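Notes follow the structure.
Order of listing sets the numbers, starting from 1, for every ligand and every atom in it. None of the values given here were measured: they were computed from a predicted structure.
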Amino acid sequence: MKFFPLHLLLSLGLHLATIVTGDNQLLYFGFTGTNLTVDDTATITSNGLLELTNGTANCKGHAFYPTPLHFRRSPNGTVQSFSVTFVFGIRSSYLSMTQHGLAFVISPSKNFSDALPNQYLGLTNNMNNGSPTNHFFAVEIDTALNIEFQDMNANHVGIDINSLNSAKSYYAGYYDDKSGSFQNLSLNSAEAKQVWVEYSGEAKEINVTIAAALGMAKPVRPLISYNYDLSEVLQEPSYVGFSSSTGAVDSQHYVLGWSFSINRPAQVIDITKLPKLPRQGPKPRPILLEAILPIATATFIIVAGSITIFVVRRQLRYSELKEDWEVEFGPHRFSYKDLYNATEGFKGEHLLGVGGFGKVFKGVLPSSKLEVAVKKVSHESRQGMMEFIAEVVSIGRIRHRNLVQLLGYCRRKGELLLVYDYMSNGSLDKYLYYDEYNTLNWAQRFRIIKGIATGLLYLHEKWEKVVIHRDIKAGNVLLDSEMNGRLGDFGLARLYDHGTDLQTTHVVGTIGYLAPEFIRTGKASPLTDVFAFGAFLLEVTCGQRPVNNNTGDNQEVLVDWVLEHWHKGSVVEAVDSKLQGDYNVDEACLALKLGLLCSHPFTTLRPSMQQIVQYLDGDLPLPELTHTNMSFSMLSLMQDEGFDQYAMAHRSQASISTISGISGGR
Ligand SMILES: Nc1ncnc2c1ncn2[C@@H]1O[C@H](COP(=O)(O)OP(=O)(O)OP(=O)(O)O)[C@@H](O)[C@H]1O
Ligand SMILES: *[C@@H]1O[C@H](CO)[C@@H](O)[C@H](O)[C@H]1NC(C)=O
Ligand SMILES: *[C@@H]1O[C@H](CO)[C@@H](O)[C@H](O)[C@H]1NC(C)=O
Ligand SMILES: *[C@@H]1O[C@H](CO)[C@@H](O)[C@H](O)[C@H]1NC(C)=O
Ligand SMILES: *[C@@H]1O[C@H](CO)[C@@H](O)[C@H](O)[C@H]1NC(C)=O
Ligand SMILES: *[C@@H]1O[C@H](CO)[C@@H](O)[C@H](O)[C@H]1NC(C)=O
Ligand SMILES: *[C@@H]1O[C@H](CO)[C@@H](O)[C@H](O)[C@H]1NC(C)=O
């Protein structure tokens, strides 16, 4: 009679602790920190489960108590009674299908490297299955039907002696203690279940019992009762442990707790101390949730979808074009979102007017509550954009009471937005030509003329660079709340290198302001601005457009008409009849004469802006116009220049030239 003393491996009382007591007794509540010999896929998980197989297909795994146990009192003695109970769990990604199973084993060796996975459960192979030299006893928990081993179904328990052909097996289930009836149970339900294996050395009987659920008492009637003398099988000493294998289906086989005793009943496993099995599939849900969830899911999807669409649309709606070189212009850049909100999405009711380059909207900046005019200019190429933006920003720094302040810009794909100070009284041309607007009196007109002259002087001579406006005309003179004239529409020049969709009327209308040498050479200079200012002077004083082609084919050029009056010595007759004679004759004469002088085809005879301001202020007397000097006809000059053909052939170029620009340093 020989006992192998077993040591206390781990401290008692710990949760998930393992207690191994002496005198041929083992007790495990979880396997954390234990000294089992594991191989292949077998491992002890972080929460203390003995994981025999980890879901990898066609694998096997074993776990044995490291030292062998003596089942006999003497080498020639019989195998003593023993009692085993363990808690196992089988799960898989495929709910009701697992392969293959696990087994409790008593074997002379821990080395099962020759054994096969799949139906062999990691216990035998095709050569040694059934061989008496195997000397193993096993209880299989089998979830696969294998015809080769005469399995009864895919959910059975069997007693295996040296072979996977079970000595005795039965459907997994139990006999109800009260009714005595057999109840099927599912081995791979992913719920832990407890098994008892008992061997009576005296009766040479093996009982295998399984309970319906964890925590239920061991059923009185065993599932399988089989008479066999294990003394004929087991070697001395033998190892105790588990074997498991997977097949094609990914399956996980776990042992949660284990109790083993020789010659006495196995100690009770405290199921409350067992580790938890990983959850199978989705979390079990209350029925209410089950009903609500689809609705909630649908709602969520709709809401999430709407939000996504909203965000994407918002992104698209507010999307801008921004390039690295713009960083330095950052402070002058407006966000499209702000401009969009300022104009309430560029609503029609905020439209101030449509110019040659695009629509102009009124807006109120959300942050500063500042009233602005946003000009939307479509552009296709980014060619020259950098220079243009540089110019916009540069112009934005110009501040003068007679210039419309350019506040900044914003750029989107195919679109440029220029933000200006809002001029509450609109453009001057309306007051001159539209009946629905009260015409301006002479004092107002003269003040506007003087203002524009000062503004232009500032651009030409007072600012750090020489700025040529290139598009001086009544339509580009805007009136602020105090009816101050302010020159607007700066710096669109670089944008329109290529053709535009400017209407013919626009080109003709602008043509009256174009200096002959500009038409010839296409080169703008301060003196081409002076020429245009002359046309503007006459326009405001006479209340007529520089070129009037209202009267059929007869093109009437305002300069020629005024010149005619001057030659006849009745220049005041050219003054706007809408003033009804109520004007300062000296000032009107000065304006008309100065207008003619500025409109002179010879650039050398035109005054500079500095002089113009002095003339208007009366600081300098206007030089006498002589008939010799003034013997020109703008119309004949235009026709000589082949103006019509030019205008037809170079419409786009002509339109470029109507735009302001900055020339190099002074
Ligand atoms: N800063 C502003 N404040 C108030 N209204 C403005 C402002 N800028 C433009 N507008 C209005 O928008 C209209 C269109 O302006 P825009 O400058 O685009 O056209 P235009 O001057 O008639 O032609 P062009 O594009 O050839 O200069 C103007 O007639 C004016 O009434
Ligand atoms: C399972 O165990 C095998 C062998 O140790 C390993 O190669 C494999 O990565 C493991 N699979 C998972 C899912 O842990
Ligand atoms: C674990 O088992 C090995 C082999 O049987 C043994 O050498 C070792 O001492 C054991 N360790 C513990 C902590 O029991
Ligand atoms: C035990 O068996 C061996 C041979 O297997 C034999 O030699 C020996 O005499 C036996 N001892 C007893 C006490 O029966
Ligand atoms: C297990 O047995 C095989 C032969 O059956 C052998 O090659 C291998 O080394 C053994 N492994 C161990 C750990 O003893
Ligand atoms: C148990 O299941 C087997 C098939 O797996 C079936 O033949 C048997 O009738 C079932 N028994 C009960 C009581 O449901
Ligand atoms: C096996 O079960 C039968 C029937 O309940 C019982 O009489 C017998 O004692 C049991 N044997 C063992 C070893 O538990």
Min N/O separation Lys375 to ligand 1 under 3.5 Å: yes
Ligand-residue contact atoms, ligand 5 with Ser113, heavy atoms, under 4.0 Å: 1 (C), 2 (O), 3 (C)
Location of contacts on Lys376 toward ligand 1, heavy atoms closer than 4.0 Å: neither
Trp258 ring center near Tyr65 ring center (under 6.0 Å): no
Ligand-side contact atoms (ligand 1) for residue partner Ser427, heavy atom cut-off under 4.0 Å: 29 (O), 31 (O)
Ligand 1 contact by Lys362, heavy-atom criterion under 4.0 angstrom: no
Ring geometry between Tyr239 and Phe64 (parallel below 30°, tilted from 30 to 60°, perpendicular above 60°): perpendicular
Sub-4.5 Å side-chain heavy-atom contact between Val467 and Ile398: yes
Any protein heavy atom nearer than 4.0 Å to atom 11 (N) of ligand 2: yes
Aromatic ring proximity Phe346/Tyr336, centre distance under 6.0 Å: yes
Best match, Asn111, Asp114, Thr37: closest heavy atom to atom 1 (C) of ligand 5: Asn111
Axial cation check for Phe112 ring with Lys60, 6.0 Å and 45° limits: no
Interfacing atoms of ligand 2 (cut-off 4.0 Å, heavy-atom, Thr56): 1 (C), 8 (C), 10 (C), 11 (N)
Exercise check, heavy-atom protein proximity under 4.0 Å to atom 7 (O) of ligand 5: no
Partner of Cys59 under side-chain contact (heavy atoms from CB on, under 4.5 Å), chosen from Asn54, Thr41, Asn118, Asp250: Thr41
Under-4.0 Å heavy-atom contact with ligand 1, by part of Asp421 that carries it: backbone
Identity of the nearest option to atom 6 (C) of ligand 1, non-hydrogen atoms only, from Leu428, Val419, Leu478: Leu478
Ligand 1 to Val404 polar contact by distance, N or O atoms, under 3.5 Å: no
Atoms of ligand 1, numbered as shown, that sit under 4.0 Å from any heavy atom of Tyr422: 3 (N), 4 (C)
Pair Asp576 + Arg445, salt bridge at N-O below 4.0 Å: yes
Test item: Phe533 and Lys473 side chains (from C-beta on) under 4.5 Å apart, heavy atoms: no
Chi angles and distances behind the side chain to side chain donor-acceptor pair (under 3.5 Å) call for Ser109, Ser107: CA-CA 5 Å; Ser109 167; Ser107 153; 5.3 Å; no
N or O pair under 3.5 Å between Tyr420 and ligand 1: no
Proximal ligand 1 atoms for Asn476, defined as those under 4.0 Å from one of its heavy atoms: 17 (O), 21 (O), 27 (O)
Winner among Val360, Val374, Leu406 once heavy atoms are compared against atom 9 (C) of ligand 1: Val360
Mode of Asp40 contact toward ligand 2 - side chain, backbone, both, neither (heavy atoms, under 4.0 Å): backbone
